[in-house]
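Per chain, numbering begins at 1; letters A, B, ... match sequence-line order. Just the heavy atoms: all of them, side chains too, but no hydrogens, waters or symmetry mates, feed the values below.
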Protein chains: 4
Amino acid sequence: MGQTGKAVGGEPREAERRRTILRAAIDVFAEKGYHGCRIADVAQQAGVAYGLVYHYFKNKDELLRSVFEVGWSGFVARIREAADGERPVAEKIRQVCEVAFEAYRVDPRGVRVIIFEIARSPAGDGVNRRASFDEVIGLCEAMFERARSLGELREGLEPKLAALMLFGAVEYGLTGFVIGMFDANDEEGLRRVKQQVAESLLGGVLRGAAPEEKTWKPARSAAKSRADKRT
Amino acid sequence: MGQTGKAVGGEPREAERRRTILRAAIDVFAEKGYHGCRIADVAQQAGVAYGLVYHYFKNKDELLRSVFEVGWSGFVARIREAADGERPVAEKIRQVCEVAFEAYRVDPRGVRVIIFEIARSPAGDGVNRRASFDEVIGLCEAMFERARSLGELREGLEPKLAALMLFGAVEYGLTGFVIGMFDANDEEGLRRVKQQVAESLLGGVLRGAAPEEKTWKPARSAAKSRADKRT
Amino acid sequence: MGQTGKAVGGEPREAERRRTILRAAIDVFAEKGYHGCRIADVAQQAGVAYGLVYHYFKNKDELLRSVFEVGWSGFVARIREAADGERPVAEKIRQVCEVAFEAYRVDPRGVRVIIFEIARSPAGDGVNRRASFDEVIGLCEAMFERARSLGELREGLEPKLAALMLFGAVEYGLTGFVIGMFDANDEEGLRRVKQQVAESLLGGVLRGAAPEEKTWKPARSAAKSRADKRT
Amino acid sequence: MGQTGKAVGGEPREAERRRTILRAAIDVFAEKGYHGCRIADVAQQAGVAYGLVYHYFKNKDELLRSVFEVGWSGFVARIREAADGERPVAEKIRQVCEVAFEAYRVDPRGVRVIIFEIARSPAGDGVNRRASFDEVIGLCEAMFERARSLGELREGLEPKLAALMLFGAVEYGLTGFVIGMFDANDEEGLRRVKQQVAESLLGGVLRGAAPEEKTWKPARSAAKSRADKRT
DNA sequence: CATGAATGAGTCTTCATTCAT
DNA sequence: CATGAATGAAGACTCATTCAT
C-alpha cells in the first residue's frame, strides 16, 4: 500500500498516467470507434482502474478532445512550418505531403482516429472540429493565395478549393493504407505513394500538359435526368 | 417539387411509407449523425408512429443500410457509366465529377449522410462500407488502368492511387459545401468548383507543365525529429 | 372477392374458424408456451390473417382462457363421471387415471398446454386456475371423503391430500411422456404406465402390506441443519 | 432471524449484495412469476439501483438461472443423501419427503419459485430444466432400481415411474400449501401432510393390502367416445 | 367478415458518471 | 491518488391491440 515505487525522479507519475490513458484511448478509438468504445475499454487497455480515467479526464468527450488536441496541434504546427515561408509552392506542397505521411508512419493509429473519428464525424461534440479543420485549410489556403499572387496557381483555381483538394488527395492516399488497400508496413510503398500524391497534385494526373478543354459542356443530359428520380 | 413522384396509381401505399421513413432517416442522420439519432426522431420526422419504423425496417442498422444502399447503388451506377467506355480519360474524369456534384445538387442531405455517416465511419456495422468503397474505387481504378495502357496516365502513378485521389478531391470539394465553406445554394458556384476540381486533377494545381523536380529530397530533418516524440 | 364458397350448409363457417384458431393456439402454446408465443404465431399457424384472431377472441388472455375452458370442461366432466357414484373407490381411481391418460392419448398437445401453461403458471390471469384446480380436486376429495366414511381410506389420510396425491401421481406420470422420458407414441406403454399409476396409488409402491412404521422420527438432524444455511 | 448469516468478517460485501438481489428475485418471481416480474421490481425489492442488478447478473435470464441453481443444487444434494446408501427404501422415501417438506418449511417462496416458475415452465430458456429434472428423477430412479433388485418394489412398477410418482405426490402435497389449501403456517399440519404422503406412497392410499384387481377392464366406453370429439 | 398496416406503452439493457472506501 | 461498486437516464426493440379499407 502506498508504495511510492520508482521514485527515481523526472516527470511526475501523474503525467505519465495521463499519457498512458490517452494512448489507450487512441488505440481503442482506432479499433472500435468513439461510439463503439466504452470507458471500461479504455481503462482496461490502459491497465488502470475504471474510475481512474475520470481522475484525468472530465468525461469521455474531453478524452476525445484531448486525443484530438494532442495529435492535432503537433500536426498543425508542422503543416504551418511546411506551408509558411517564402519557398516555392511546389516545394511547400511536397512538404505538406511529407508531414502528413510521416505522421501516419509514426503513428498510424493516431492518424486513423483523427481522420475517421474526429475530423469527419459528428461525434465528440466537445471537439471543435470545424475550427480545427478551418485552421489547416486556412494555412494552406494562405499558401495557395500567395502562390496565386505569384502567378503560380492554375488559372481560375480558388485557393480555398486548392487547399481542400490537397487535403482530400492526402487523406485518401492515407486512407488507402488505413483500410489496407496498400500495405501499411511497406515503408517504401508509403514513400512512393506520398511522392505520387504530391506530384500528381502539382502536375495533374495526366501525362504532359493539361488538355485544358476550352468548351466545357456538362453533358448533363443523362446524369441529371436520372439523378432526379432518386428518392 | 416533383416530390409526389410515381403518382401512377396502384399499390404504392406501402412503398411510399417506406420511402417516407427512409427520407426521414436520411434527414435525421444528416443532422445528428447515426449515433446521435434515435428511432424516435426518425419516426417523428416521418410523421409516423414509433413502431411503424420497425414494420419497414428490421432495426436501426438495417435502416442505415437501406439509406446507404438506396443512395449508393444509384451513385455507383452513374459512376460506372462515367468511367466505363472508350472515351478519353479526361472526359471520363470530368464526367465522374459531374456525377458527384450533380448528386450533391440534387440531394445534399443524402450525399452528406453517405459521405460522413456511412462511407467513412465505423458505425453501422451492417453496412459493408469497405466493399462499397472498393466498388467505386475499383471502377475508377479500371478507368485509370486503361488510361495507363494508353499512355495517358502520369508516369509512375498507380491507377489505384489515382482513383483514390480522384475521390479525395471530389469529396473534399463537396465537403467545402457541406460544411459551409462554400455557399451550397449557389448553383453557379457549385458548377465552378466542379470544373476546377476536374481540371486541377487533370492538369495539376499549378500553372503550366508540371515542374517535376528531379531531385526529391524528403527534407525529413525537421518533421521527423519532432514527430518521434509523439504522445 | 366475397366468394362465399362452400355454402354447403351445416355449421356456420364462423364456428369453424373459431375452432381453427383455438386449435392453432393450443399447438403454439404447447410448443412455445403462452408467453413465448405471439398472436402472429397463432394467426400463422391457423393460416388466417393477423387481425382475424381479434374477431374471435377479445384478446390473448381470452384466447388462453378459451383454450383452457374447452379442454378443461370436458376433462372435468369426465372426471366427475369417474369420481361420482356408488362404485368402490379403487374402481373410481382407476377410472380417473383412465380419463387422464386417455385425454393425453387423444390430444397430447392440449393436455400439455393445460398442465404446463395454465394449471401451473401465474400466466393467463383471466383464467381462474385456482377455481378450476379446486374443482377437480374437490371432486376427488369428495370421492375420498366417501371412501373414508366407508372405511376404505388409509387411516389418517386426509381426503384432500389423497386427491392431491392422485393428481400428482397422474400428472407426473403424464409428464414422463410429455418430456419424452417415455415414448409418447407407444400406446402400449401409455396403457402400462396408466395401470401402474393406478395400482401404485391404490396399494403403494412397495410390495405387500405397507410397513407402516409406528415410530416416525423425522431424522431431522442432518436435513434441517443444512437446510437452514440456504440463501 | 439468523438472516445476518456469515457475519464472519472479511470480503463479504459483494457476495452479500448478490445474495440480496437473488433473494429479491426469488420473492418477486414467487409473487408475479418470471414473466410478470420486471428487473425494476427486483431492484426495488432488493433496495438497490436498477443498474446494479446488471452488475451481478448478466441479464434477466441469468438471474433466473441463478435463483434456480442456488436453490436446486442444495435440494439435489439433500435428495441424493436421502436416496443413496444401503438403508431400506421405505426409510429413504420417508427421507426424501422429509427433505422436500423441510425445504418448503425453511423457504416456501424459494420452493414455490423452483416448482412453479422454473422446473415446470417453458420460461427461462437459459435454465436447463430438463437436465435438472432428470437429475433428481434419476437419483430416485436408482433408488427404486435397487429396491426392485431387492424385491422391495411393487411387481411391475418401473423404477422411473416410481420416481416420477414420488415427486408428483410430494409436489402436489406441497402445492396444497403453496396455493393455500392447507395452512402453510401450521408446522404441525406440514408434518402431518409429509407423513401421510410418505406412508401413502409406501403402502397405498387404501387401507390394508392392495386390492389388486385381476380383471382390469378399461371401461373405456364412455370416456373414449367423448374424448374423440375433441376441439 | 377479413386484412394487415399503424400505434405506442412496456421492458430490457447499456454505459457514462458519481462516490464511498 | 486508486478502486470499482452504485446509480439511473437513455434508447432500442417487442408485441398486444386498434382501425381504416
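- Taking atom C1' on both nucleotides, F/dT21 is separated from E/dC1 by 13 Å, rounded to a whole Å.
- Taken to the nearest 0.5 Å, the CZ atom of C/R19 stands 13.0 Å off from the OG atom of C/S66.
- Listed pair D/Y50 / E/dT14 fails the phosphate criterion, with no side-chain N or O lying under 4.0 Å from OP1 or OP2.
- Rounded to the nearest 0.5 angstrom, C/D107 CG and C/R109 CZ are separated by 8.5 Å.
- Nucleotide F/dT18 holds its P atom 12 Å from the CD atom of C/E62, rounded to whole Å.
- The pairing partner recorded for E/dT21 is F/dA2, the criterion being a Watson-Crick or G-U wobble arrangement whose two distances lie under 3.5 angstrom.
- Following rounding to the nearest Å, C/D41 (CG) and F/dT14 (P) show an atom-to-atom distance of 13 Å.
- Rounded to whole Å, the distance from CD on B/E14 to C1' on F/dT21 is 14 Å.
- Across all strands shown, C/Y56 has heavy atoms under 4.0 Å from sugar-phosphate atoms exclusively, and none from any base.
- Looking at heavy-atom distances under 4.0 Å, B/I39 makes contact with sugar-phosphate atoms alone, never a base.
- Per the geometry, NZ belonging to C/K60 stands 15 Å off P belonging to F/dT18, to the nearest Å.
- Once rounded to the nearest 0.5 Å, the distance linking SG of D/C37 with CZ of D/F29 reads 4.5 Å.
- Rounding to the nearest 0.5 Å gives a distance of 5.0 Å between OH of B/Y50 and OH of B/Y54.
- Of all nucleotides listed (E/dT13, F/dT3, E/dC1), F/dT3 comes nearest to the side chain of A/A49.
- The phosphate of E/dT17 (OP1 or OP2) has a side-chain N or O of A/Y54 nearer than 4.0 angstrom.
- For the OP1/OP2 pair of F/dA6 and a distance below 4.0 Å, the side-chain nitrogens and oxygens of D/R17 include at least one atom meeting the criterion.
- Residue order along DNA chain F, read from the 5' end via each residue's closest nucleotide, puts A/V48 first among A/V48 and C/G51.
- With E/dT17, E/dT7, F/dA16 as the choices, the nucleotide that has an atom nearest any side-chain atom of A/N59 turns out to be E/dT17.
- With D/K60 contributing its side chain and D/Y34 its backbone, the two residues share a donor-acceptor pair below 3.5 Å.
- Atom pair C/F57:CZ and F/dT18:C1' shows a separation of 18 Å (rounding to whole Å applied).
- When both pairing distances are held under 3.5 Å, E/dT13 makes a Watson-Crick or G-U pair with F/dA10.
- Comparing D/H55 and B/K58 by the nucleotide of DNA chain F that holds the closest heavy atom to each, the one mapping nearer the 5' end is D/H55.
- Atom NE2 in C/H35 sits roughly 15 Å away from atom P in E/dG10 (whole-Å rounding).
- Protein atom CG of B/L63 is 15 Å distant from nucleotide atom C1' of F/dG11, rounded to whole Å.
- At whole-Å resolution of the value, CZ in B/R38 and P in F/dA9 are 16 Å apart.
- A donor-acceptor contact shorter than 3.5 Å links the side chain of A/D41 to the backbone of A/R38.
- Nearer to the 5' terminus of DNA chain E, by closest-nucleotide assignment, is the contact made by B/L52 (compared with the other of B/L52 and D/A40).
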